[in-house]
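In the text below, chain A, chain B and the rest are named by the order of the sequence lines, each starting its count at 1.
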Amino acid sequence: MAKGIPTREEDYAQWYIELVKQADLAENSDVRGCMVIKPYGYSIWEKMQQALDKMFKDTGHVNAYFPLFVPKSMFEAEEKNAEGFAKECAIVTHYRLKNDPDNKGKLIVDPNAKLEEELVVRPTSEAIIWNTYKKWIQSYRDLPILINQWANVVRWEMRTRLFLRTAEFLWQEGHTAHATKEEAIAETEQMLDVYAAFAEEFMALPVIKGRKSENERFPGALDTYCIEAMMQDGKALQAGTSHFLGQNFANAFDVKFTSKEGKLEYVWGTSWGVSTRLIGALIMAHSDDDGLILPPKLAPIHVVIVPIFKTEEEFNRISDKANEIAKALRKQGYSVKYDNRDTQKPGFKFAEWELKGVPVRIAIGPRDLENGTVEVARRDTKSKQVIALAELEQSIPALLDDIQQNIYNRALTFRTNNTTAVNTYEEFKKVLAEKGGFVSAHWDGTPETEQKIKEETKATIRCIPLDAKEEEGKCIYSGQPSKRRVLFAQAY
RNA sequence: CGGGGUGUAGCGCAGUCCGGUAGCGCACCUGGUUUGGGACCAGGGGGUCCCAGGUUCGAAUCCUGGUACCCCGACCA
């Protein structure tokens, strides 16, 4: 067990917080609710960005940047959206400070510098972007617009948790405009698929694709699609959303185009996003009581090499070998760290790199030099084997692939074992209380029923799975007829 | 927004009840011995005790006010 970190069994929430700090991913800043993302944590975000950005580009999107500030009148144009975010907005009301006449060396807000109109610090960018799209779109020839933005947003959350919910967070938000409803829906679904593929292939995180119920829908959207993942405590985490906005924002911002047929029509829209919250998901889905377990495809360091030596002469010989190995692996495209610090002992380094979730560790000592071998340890299973130097260039890629696959399988098995289908409300409550996880059940489709169930069990409808098969059933709460099962869970 | 907690060395904390030279562990620095799973010994450096005011000969400690952050809930990506 890692020093200073409770086990998941003892205190899952605390385990998570401590792990984030001890693994050097992030820390709380002195600004309420805002975190400092440290280099190691940020490099995971960079890996995510690289992979996602490529997927966005491959599906025809381009990047752009829109202002951080949104004038209040612009923000409130789409009423539902504005109302949905109103209670968590930071507002800029002044543009200047001045010396405090009563308190030397201190500053006060200059009352003469009050803004004519308040600026909302964006909690999301639909308003400013649709306000801009209005100027860009006249004809069907201007469509579609397929733009993504990498940005920070601010949501003044009551309670924050590192990565999972912070007052300011980093994300990407795609905002697209289309000539037809069908095309916009296809885009919404395409991006959901992109997110699901990213989660599964890169994060090794199995997800359920589905639609949100009315209660959980994005304010201003006609339909919200999402991917839902299960954490190791059985709680659900929304890992990405893709919204079909219909013509709501086009209406609000008067964005019209002339169709091929010469008719004036409102533009159809979508928006979709994932955030640094994914780092939280990554941690909570895979890691163990010894620290992080990172999927090789997102690990900032794939392989760490730890030398074991007594004398300087030994150290030099081992370093030669280690550098040789590092060079060869780098040539294959891997990120390799040779931990040549002579200030820490091997045991310390082993524990530290395990804490940081480096997928593969290679140890080289005098024994190995003699035998032409190295010791290779994998982080996911903590197993070790001695491998001949000559085989290393073949076995490391295979090992990394295997780790990626193994942690995916592990997460999938966990989810499968913690997903329960129930047919009565009694069973439903029992499963939630005793086992947790996802509960698949029939629901009558009304917000009232969902609300009641939430009040009584804290579980919400995470999604209506896209692949839910049609079956006749009765709502576990109201007994009304239902055509398919939906997924309930307690959520982050 | 409700409840709870905490601000003392870089980090984690004790000391506060009962006022009297500011301490412990880790980390850091120096030297030595160590190095195949979180080393050991010796020596050393480091503090506006969250802020402001008050009581007192004397305040980390008592009183008043403020402030910041954290944790648990409700709300939310």
Side-chain angles (χ1 to χ4, degrees), chain A residues 1-5 11 13-14 16-18 21-22 24 27-35 84-89 103 106 123-124 152-173 195 212 215-219 224 226-229 236-243 271-281 290-291 306-312 314-315 318 339 341-355 361-371 373-375 377 382 384 386 454-455 458 460 462 490-492:
Chain A
M1 188 187 98
K3 273 184 189 166
I5 305 181
D11 189 342
Q14 204 57 39
Y16 172 78
I17 291 169
E18 280 305 318
K21 291 182 185 170
Q22 308 256 352
D24 229 17
E27 63 189 34
N28 283 306
S29 70
D30 288 343
V31 184
R32 195 207 79 105
C34 296
M35 65 178 164
F85 285 102
K87 59 189 185 307
E88 51 192 55
C89 286
N103 206 343
K106 302 289 182 195
T124 180
N152 57 340
V153 286
V154 169
R155 296 183 186 176
W156 213 262
E157 300 290 351
M158 288 306 158
R159 186 159 117 63
T160 59
R161 293 184 78 187
L162 292 166
F163 288 119
L164 297 178
R165 186 172 302 107
T166 45
E168 180 193 15
F169 58 93
L170 304 183
W171 77 346
Q172 60 67 217
E173 45 181 330
Y195 287 153
K212 285 296 188 190
N215 282 355
E216 303 273 326
R217 192 175 293 156
F218 178 75
T224 287
C226 63
I227 51 173
E228 292 286 329
L237 186 99
Q238 180 174 306
T241 48
S242 184
H243 314 293
S271 67
W272 28 273
V274 297
S275 72
T276 36
R277 170 179 244 207
L278 289 182
I279 297 174
D290 293 314
V306 176
I308 295 152
F309 57 94
K310 287 194 169 66
T311 65
E312 199 178 328
E314 252 171 21
F315 174 68
I318 289 165
D339 187 354
R341 288 176 292 178
D342 60 357
T343 49
Q344 315 291 347
K345 292 178 54 174
F348 179 92
K349 293 178 181 177
F350 292 170
E352 181 170 275
W353 294 115
E354 276 162 12
L355 177 62
R361 181 186 72 230
I362 296 175
I364 314 177
R367 219 155 60 203
D368 297 301
L369 277 191
E370 217 166 287
N371 302 334
T373 59
V374 292
E375 181 193 80
K382 296 202 75 185
K384 301 181 216 178
V386 174
K454 183 180 179 180
E455 281 163 19
K458 288 185 182 170
T460 51
R462 298 324 303 156
Q490 293 180 5
Y492 276 99

Could I get a table of every N or O pair under 3.5 Å where one atom is in the protein and the other is in nucleotides 9-14 of chain B?
none

TODO: Could you label the plane-to-plane angle of the A:Tyr195 and A:Trp272 rings as parallel, tilted or perpendicular, counting under 30° as parallel and over 60° as perpendicular?
DONE: perpendicular
Task: Position toward the 5' end of RNA chain B (nearest nucleotide), A:Ala239 or A:Glu352 - done: A:Glu352
Task: Candidate nucleotides B:C76, B:G37, B:A74, ranked by approach to the side chain of A:Glu88 - the nearest - done: B:C76
Open item on the list: Both A:Lys454 and A:Pro366 contact RNA chain B. Which one's nearest nucleotide lies toward the 5' end?
Closed with: A:Pro366
Got a list of protein N/O to nucleotides 26-35 of chain B N/O distances below 3.5 Å?
{"from": "B:U35", "atom 1": "O2'", "to": "A:Phe309", "atom 2": "O", "distance (Å)": "3.1"}
{"from": "B:U35", "atom 1": "O4", "to": "A:Lys310", "atom 2": "O", "distance (Å)": "3.4"}

- [ ] Pick the C1' atom in B:G43 and in B:U35, then give their distance to the nearest Å.
- [x] 23 Å
- [ ] Using atom CD of A:Glu375 as one end and atom P of B:G37 as the other, report the distance to the nearest whole Å.
- [x] 9 Å
Task: Watson-Crick or G-U wobble mate for B:U67, both contacts under 3.5 Å - done: B:G7
Open item on the list: Which nucleotide, if any, forms a Watson-Crick or G-U wobble pair with B:G73, using both distances under 3.5 Å?
Closed with: B:C1
Task: A:Phe169 CZ to B:C76 C1', straight-line distance once rounded to whole Å - done: 10 Å
Open item on the list: Considering every strand and a 4.0 Å limit on heavy-atom distances, what is the contact class for A:Lys212: base, sugar-phosphate, or nothing?
Closed with: nothing
Task: Whole-Å P distance, B:A14 and B:C50 - done: 13 Å
TODO: Select one nucleotide: of B:G36, B:G37, B:A74, the one nearest the side-chain heavy atoms of A:Lys458.
DONE: B:A74
Using nucleotides 68-70 of chain B, report all nitrogen or oxygen pairs with the protein that are shorter than 3.5 Å.
{"from": "B:C69", "atom 1": "OP1", "to": "A:Arg32", "atom 2": "N", "distance (Å)": "2.6"}
{"from": "B:C70", "atom 1": "OP1", "to": "A:Asn28", "atom 2": "OD1", "distance (Å)": "3.3"}

TODO: Select base, sugar-phosphate, or nothing to describe what A:Lys349 touches, counting heavy atoms under 4.0 Å on all strands.
DONE: nothing
- [ ] Identify whether any heavy atom of A:Phe218 sits under 4.0 Å from a base atom; if not, whether one sits that close to sugar-phosphate; answer base, sugar-phosphate or nothing.
- [x] nothing
Task: Inter-nucleotide P distance (B:U61, B:U8), Å rounded - done: 14 Å
Open item on the list: Between A:Thr460 and A:Lys454 (side chain of the first, backbone of the second, donor and acceptor by atom type, cut-off under 3.5 Å), is there such a pair?
Closed with: no
Task: Interatomic distance where CG belongs to A:Asp339 and P belongs to B:G38 [whole Å] - done: 15 Å
Task: From CA spacing to verdict: side-chain contact (heavy atoms from CB on, under 4.5 Å), A:Lys382, A:Arg361 - done: CA-CA 10 Å; A:Lys382 296 202 75 185; A:Arg361 181 186 72 230; over 6 Å; no
Open item on the list: Does B:C76 have OP1 or OP2 under 4.0 Å away from a side-chain N or O of A:Arg159?
Closed with: no
Open item on the list: Please give the distance between the C1' atoms of B:C76 and B:G66 as a whole number of Å.
Closed with: 31 Å
Task: A:Arg165 to A:Tyr492, cation-pi by 6.0 Å centre distance and 45° axis angle - done: no
- [ ] For B:G38, give its Watson-Crick or G-U wobble partner with both distances under 3.5 Å, or none.
- [x] none
- [ ] Choose from B:A74, B:G37, B:C75 the nucleotide whose nearest atom is closest to any side-chain atom of A:Glu354.
- [x] B:G37
Open item on the list: Check this for me: does the side-chain of A:Lys384 come within 3.5 Å of the base of B:G37 through a donor and an acceptor?
Closed with: yes
- [ ] Check the surroundings of atom CD in A:Glu312: do more than 12 heavy atoms from other residues, nucleotides or ligands lie under 6.0 Å from it?
- [x] no
Open item on the list: Does A:Arg361 reach a base, just sugar-phosphate, or nothing at all? Heavy atoms under 4.0 Å.
Closed with: base
Open item on the list: Using atom C1' in both nucleotides, what's the gap between B:A52 and B:A60 to the nearest angstrom?
Closed with: 16 Å
Open item on the list: If you only use heavy atoms from C-beta on, which nucleotide in B:C71, B:G37, B:G36 is closest to the side chain of A:Lys382?
Closed with: B:G37
Open item on the list: Which nucleotide wins on minimum distance to the side chain of A:Phe348, given the candidates B:G36, B:G38, B:C75?
Closed with: B:G38
TODO: Could you work out which one of B:C75, B:G36, B:G37 sits closest to the side chain of A:Ala363?
DONE: B:G36
Task: Same-atom distance (P) from B:A27 to B:A42, integer angstrom - done: 15 Å
TODO: Please measure how far the P atom in B:G38 lies from the corresponding atom in B:C51, and state the result in whole Å.
DONE: 42 Å
Task: Span that lies between the C1' atom of B:G46 and that of B:A39, in whole angstrom - done: 25 Å
Task: B:G46 pairs with, by Watson-Crick or G-U criteria that keep both distances under 3.5 Å - done: none
Task: side-chain hydrogen bond (donor to acceptor under 3.5 Å, both in side chains) partner of A:Thr224, chosen from A:Arg217, A:His243, A:Glu216 - done: A:His243
Open item on the list: Is it true that, when you exclude A:Trp156 itself, more than 12 heavy atoms of the residues, nucleotides or ligands shown sit nearer than 6.0 Å to its CH2?
Closed with: no
